[in-house]
Number of protein chains: 2
Amino acid sequence: MPVRMKDIAEDLGVSLMTVSKALRNHPGVAEETRRRVCQRARELDYEPNLIARSLAGHRSFLIGLVVPDLMHSFFAEVAKGIEGRLAPSGYQIVICSSGEDTETELRAIKLLLARKVDGLIIASAAPHASRSMVELLEGGKARYVLIDRVVLNGKANYVGVNDDKAGFLATEHLIEQGCTRIAHLRGSMVSTGRGRLRGYHRALAKHGLKVPLEYVISGGHQDSTGYDAMQRLLQLNPRPDGVFCYNDPVAIGAMRAIIEAGLDVPHDIAVVGAGNIRYSDMLHVPLSTINYSTLQVGQSAAELLLQCIESKTPLPPKRILFPPRLVVRKSSLRHPPPASGIGRVLASAQLQKHAR
Amino acid sequence: MPVRMKDIAEDLGVSLMTVSKALRNHPGVAEETRRRVCQRARELDYEPNLIARSLAGHRSFLIGLVVPDLMHSFFAEVAKGIEGRLAPSGYQIVICSSGEDTETELRAIKLLLARKVDGLIIASAAPHASRSMVELLEGGKARYVLIDRVVLNGKANYVGVNDDKAGFLATEHLIEQGCTRIAHLRGSMVSTGRGRLRGYHRALAKHGLKVPLEYVISGGHQDSTGYDAMQRLLQLNPRPDGVFCYNDPVAIGAMRAIIEAGLDVPHDIAVVGAGNIRYSDMLHVPLSTINYSTLQVGQSAAELLLQCIESKTPLPPKRILFPPRLVVRKSSLRHPPPASGIGRVLASAQLQKHAR
DNA sequence: TAGCACAAATTTACCGCTACATATGAAATG
DNA sequence: CATTTCATATGTAGCGGTAAATTTGTGCTA
């Protein structure tokens, strides 16, 4: 059995509370006593039982993180950002992946709350705030920050990226590249999906482009579904000459479909993704994409959550949006800008590579 | 304040213990009573306080996972495998990334033990078992499984891949492709690094190939370090005509260096990585690599850990090795096999794509 | 020298739950 | 009818800490 405070106390002939205070650097302990206690604790390899401490202290130093998919490099990077910000303060992270399933997500949140995590960071799989979710989160005094996908309109802390703008940037870029029949492999109707779709429409409208309804279809959120969806787009007549994809994996799947159909990216069909996942610059056709400041999303979410936890009074909800940035690579570069410009674009794509 | 068992007990006019037993389906409670208790609990939205339960029950239903890098898709996938196996049994995962730093890793493990996790799964950053690590793990009654990298020789549970064989397969493949000056961008001296290096040497020896000492240099474990290391290899005279890289990120970096130097992959230099990370088949030059059954590593590790936790008596340490598998893609295909063969190889590469 | 202020140490009372031991009472036994 | 038996229900005693109230003891003032 491991050493307990009680053991140290008896060993030293002092009271339990003296030990407790001494170890936590609480005031009200003589310097001399504190030294003796700390030394003995070190000698005995004492480690406080964090479970007991959590129960008595109403503080677990655990943060729950709920994401749709651990494997997706976006969430992996977010998780890394969160951990980086939280670990120095002594917090650890309980990670749950919902597999994009609302039920699983809800169960995970419930379990995390039962575990008395000090806070939650959630990238929800739910398209809208379900009643149960709201009750769960607002019912208790839970501190939480939503990331990536908005679920509770306005009322909650949120850190993410301006998805509308992302969609707009990507689509306008395709237009500038001379595409006129621009399709969109949209995501599910979570806020990121909705935002990118809205931006896509906004860009088309601004430039007076009309596209058939069938040009917007669901591409799922991974390469396999993107592949399938793109095959359907390829059947259309006239077929699109540009595609904005919900995310990079979908775009990668789409490119595979296009290339397998014997067509050229970008000249037959230009492709833009979103997320700038790792190695998207090293792909067969380097992928143009929208860069999301992923690490920062994680860090800010952690930062914000810490503030909520530390503060005594509930803070007014904050909403942090990072601006997306267009990264041009070969998959959309069908129509090279004037000679002087091409160097700049490529150079910036190059820089992009080494930025990581 | 949330509802407690005590509240339900008073409400129903039964004792606390009756409630406790009823809710956990313990024997010794009348069916009728159990129903009443459970119903009231549901009505009041009772959720057991898991902290208290852990403290009293000596069981936290938490598993600690320590990995060098969350962002690395290998570990992300392992984590996914672990979670998939553990979540159904009610366990959750506390994840820590050490950033390949031994000190950080040790601190994380200490913290996890102080939290009284029921078990640990560790992919250690340490090249050898440090004394403190052994004391920590063997000192208490901690259940743990090492993955990917062996640290405690033989005495511990371990799940991983046969790295020696991986190195051998990769190198022999390069030899079969006609390479004679095969370099190795080795990893650090963790067991995976050592194993792959040994396999590399074994393959060279078997085929009577001698290479200069400078052909084996450290390539770090990410694309940026692989890029730098490859640039150094390119200075050598004669320069290598094949490189086996510690892992895929390093291989990707190496390919970048080679291509930027104006050389061709695979004809000037053939490249093989290890890990078969996502999208390595969609790279500019699709990467030949060694496939590690990553998800399975995670699942078996979780499985093994569960057995250790469930079993009363300490089980004898087990050691599970998955066989690596060569995946041939363009980056090493310089010397096409006989016509009848080429279809097969490509077909298998193709299958590989869709296997995920 | 009684009285007071103050720091240092201790005592008491939990946190919310579980394990283990004990009590209760109705049916079964001789 | 006293006694054993059994299923059910209840106390008691923690798990290993923390917070808040209380005691102890010292030096200082009036």
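Note on naming: letters A, B, ... go to the chains in the order of the sequence lines (proteins, then strands), and numbering restarts at 1 for each one.
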If I take atom [atom1] in residue [X] and atom [atom2] in nucleotide [N], what distance separates them, rounded to the nearest angstrom?
X      : N       : atom1 : atom2 : result
L23(B) : dC17(C) : CG    : C1'   : 11 Å
K6(B)  : dC15(C) : NZ    : C1'   : 11 Å
N25(B) : dT18(C) : CG    : P     : 12 Å
N49(A) : dC15(C) : CG    : P     : 18 Å
K21(A) : dT10(C) : NZ    : C1'   : 9 Å
R59(B) : dT18(C) : CZ    : P     : 13 Å
H58(A) : dC14(C) : NE2   : P     : 12 Å
E31(A) : dA8(C)  : CD    : P     : 9 Å

Subject >> Sequence-distant partners of S188(B), side chain to side chain contact (heavy atoms under 4.5 Å, CB included), two or more places apart >> reply: V190(B)

Subject >> Closest non-hydrogen atom pair, C38(B) against A22(B) >> reply: SG-O, 4.2 Å

Would you indicate what [X] reaches in the nucleic acid, counting non-hydrogen atoms under 4.0 angstrom: base, sugar-phosphate, or nothing?
X      : value
L16(A) : base
M5(A)  : sugar-phosphate
T33(A) : sugar-phosphate
P27(A) : nothing

Original post:
To the nearest 0.5 Å, how far apart are CD1 in I51(A) and OG in S54(B)?
Top reply: 4.0 Å

Original post:
On DNA chain D, nearest-nucleotide positions of E47(A) versus S15(B): which is more 5'?
Top reply: S15(B)

Original post:
Relative to the 5' end of DNA chain D, which residue comes earlier, G28(B) or A56(B), by the nucleotide with the nearest heavy atom?
Top reply: G28(B)

Can you check whether [Y]'s main-chain N or O pairs, donor with acceptor, with [X]'s side chain at less than 3.5 Å?
X       : Y       : value
S89(B)  : A87(B)  : no
Y158(B) : D148(B) : yes
E105(B) : S98(B)  : no

Original post:
Taking for each residue the nucleotide of DNA chain C with the nearest heavy atom, is it L55(A) or G57(B) whose nucleotide lies nearer the 5' end?
Top reply: L55(A)

Original post:
If you measure only the distance, is there a donor-acceptor pair under 3.5 Å linking the side chains of S60(B) and D118(B)?
Top reply: yes

**OP:** Check whether the side chains of E138(B) and Y144(B) place a donor and an acceptor atom closer than 3.5 Å, and report yes or no.
**Re:** yes

Original post:
Over its full length, what angle do the end axes of the helix from dT1(C)-dA30(D) to dG30(C)-dC1(D) make, each axis taken from five pairs and the result rounded to 10 degrees?
Top reply: 70°

**OP:** Ignoring backbone atoms, test whether R24(B) places a side-chain nitrogen or oxygen under 4.0 Å from the OP1 or OP2 oxygen of dT18(C).
**Re:** yes

Original post:
Can you name the residues that form a salt bridge (charged side-chain N to carboxylate O under 4.0 Å, His left out) with R115(A), not counting sequence neighbours?
Top reply: none

Original post:
Who pairs with E43(B) by salt bridge (charged side-chain N to carboxylate O under 4.0 Å, His left out), at least two apart in sequence or on another chain?
Top reply: R40(B)

**OP:** Check each residue of residues 38-46 of chain A for a non-hydrogen atom within less than 4.0 Å of any atom in DNA chain D, then write out the ones that pass by number, or none.
**Re:** Y46(A)

Subject >> Aromatic Y46(B) / basic R42(B) pairing, under 6.0 angstrom, 45° off normal >> reply: no

Original post:
Taking NZ, NE, NH1 and NH2 as the nitrogens, is one of them in E100(A) or R149(A) under 4.0 Å from a carboxylate oxygen of the other?
Top reply: yes

Subject >> Boundaries of the chain B footprint along DNA chain D (any atom under 4.0 Å from a heavy atom) >> reply: dT8(D) to dG16(D)

